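All values derive from a computational prediction rather than experimental measurement. Each chain gets a letter, A, B and so on, in the order its sequence line appears, and its residues count up from 1. Computed over heavy atoms, backbone and side chain alike; hydrogens, waters and symmetry mates excluded.
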Amino acid sequence: GEATIIDAWSFTEAGDKSLRVELERAFNLTSDLGLVAEVFFTKGMGAIRAFKPHPFSPIRPALAERLNTAAEIFEKLGACAVEGKYDGFRLQVHMSAGKVEIYSRKQERVTHMFPDVVAGVKKQMRAREIIFEGEALAYNEDTGEFLPFQETITRKRKYGVSKKAEEMPLRMFAFELLYLDGKDWTNEPYHARRKKLTEIMGKGDVVALAKNVIVKTPKALQKFFDECVSSGLEGIVAKDLSAPYVAGARKFAWIKLKRSYSEKLADTIDVVIVGFYYGKGKRTEFGLGGLLTAVKAGDRFRTVAKIGTGFSEAQMREFHDSLSKISSKQKPAEVDSLLTPDVWVKPRVVVEVKADEITRSPVHKCAWKDNEGLALRFPRLMRVRTDKGADDATTEKEVVELYELQKHASA
DNA sequence: GTTGTCTGCCCC
DNA sequence: ATTCTGC
DNA sequence: GCAGAATGGGCAGACAAC
């Protein structure tokens, strides 16, 4: 990928990879290999070192590492900043000379999808030139409640955007300042970036600052996390107060903690395997790439998720061997499924699965009604329940109850 | 015109 | 998105 | 630790089939 190309450029001048870090930084600040090449080969390393972001070249976003508990995060960062984690689109907003462009996490230009955000930015941000980031999501104006990601994502569209924006306005929660009026803020420490961002935020209905606090004890971190979760957020992102904004990298300067990482708050259910897929690439050699799983409804088994992650290579081999022995030429009569796995399996083997939440599904048959069922979001394998048989699996009714519980949890 | 199936430098 | 693995 | 490669649900859109 880009790394190889950048290494090659480094060799042309230095004879080794020594220039890689600085060249990479320039690339991460503009996402533009051509521009970096032009500057490097015409002006040299001096100009590369002086490189800074500029409006309308998207910066490759910084990403967060993850840990499982507030205590672990505090051990790593000590006193730190903590922000609420909102479940929507990550947007990078650029404004200059009265013009606004918006870029996605993958540096796609998505301005046309967010006319309401564009208007809000123009109205609210007290800056001539700015690059900042935040999370945009749908909210209910009357109750002030956040809408599920499934609602927010309907904004990702080409047609009927303004109608959608009227029906379902977005709110953007800003959390990072990267550039302001000619100055590169990515090298400034977090606390300075946040302070400046706070200063230039004007009043309005569209852009707001992301919930944020500075904690000095693990206990305070835990408390803020609990508050965020009970107010309907996904979790938190903790940030090193003195770290710069590291474009294009997943670093421990940012650490996320989600509701689902905790054993207590995660949705963990026991599902029955009803089929498997052969898999692609490296997984071909194990003979298994994923599982089709179901919950129990009386004497029927209704699909609720495919599982494609969480197993080791050895486990994939074991599944392939053991499941092949109970395979079925056709879909077993007691299984309800719209999906067809490569191999059907008699519903015998129970596995424990973790998920972030339960969503409405167009393809899974669990609790199917009016052309819609229920599915697991981000399903992953935890372990095989050798102690359980198909009769002991989680029931469809229990999944419905979890779904109802989760709907009211964020109220 | 309607319905079904598949895809996406896709969003998470 | 999550997770595992080779480096 | 990091980067890469497997995989998940599900949306709007594109296109084929009817």
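Per the geometry, CD belonging to A/E313 stands 10 Å off C1' belonging to D/dA6, to the nearest Å. The CZ atom of A/F149 sits 5 Å away from the C1' atom of B/dC11 (whole-angstrom rounding). D/dC11 atom C1' lies 11 Å from atom CE of A/M113, rounded to whole Å.
Residue contacts for A/Y261: at a heavy-atom cut-off of 4.0 Å it reaches the sugar-phosphate backbone alone, with no base atom in range. Among the heavy atoms of the strands lying under 4.0 Å from A/Y159 are primed sugar atoms or P, OP1, OP2 only; no base atom is included. Within 4.0 Å of A/G310, counting heavy atoms only, lie sugar-phosphate atoms of the nucleic acid but no base atom. Using a 4.0 Å heavy-atom distance criterion, A/K156 is classed as a base contact. Contacts of A/L381 with the nucleic acid, taken as non-hydrogen atoms under 4.0 Å apart, are absent. No engagement by A/K164 is indicated, since no non-hydrogen atom pair under 4.0 Å with the nucleic acid exists.
Across every strand in view, D/dC15 sits in a pair with B/dG4 that passes the Watson-Crick or G-U test at under 3.5 angstrom. Across every strand in view, B/dC9 sits unpaired, with no contact that passes the Watson-Crick or G-U test at under 3.5 angstrom.
Partner of A/E83 under the salt bridge (charged side-chain N to carboxylate O under 4.0 Å, His left out) criterion, chosen from A/K211, A/R193, A/K239: A/K239.
The C1' atoms of B/dG8 and B/dC12 are separated by 14 Å, rounded to the nearest whole Å.
Residues A/K256 and A/K282 each lie close to DNA chain C; by heavy-atom proximity, the contact nearer the 5' end of the strand is made by A/K256.
Of the candidate nucleotides C/dT2, D/dT7, D/dG10, D/dT7 has the atom lying nearest to any side-chain atom of A/R283.
You'll find a donor-acceptor pair under 3.5 Å spanning the side chain of A/T309 and the base of C/dT2, going by distance alone.
For the pair A/D116 (side chain) and A/L170 (backbone), a donor-acceptor distance under 3.5 Å is present.
Taking the six-membered ring for Trp and the full ring otherwise, the centers of A/Y190 and A/W185 sit at least 6.0 Å from each other.
Considering only heavy atoms from C-beta on, A/I236 stays 4.5 Å or farther from A/K85 through its side chain.
Side-chain contact check for A/E129 and A/Y179: at least one donor-acceptor pair (N or O, by modelled atom type) lies under 3.5 Å.
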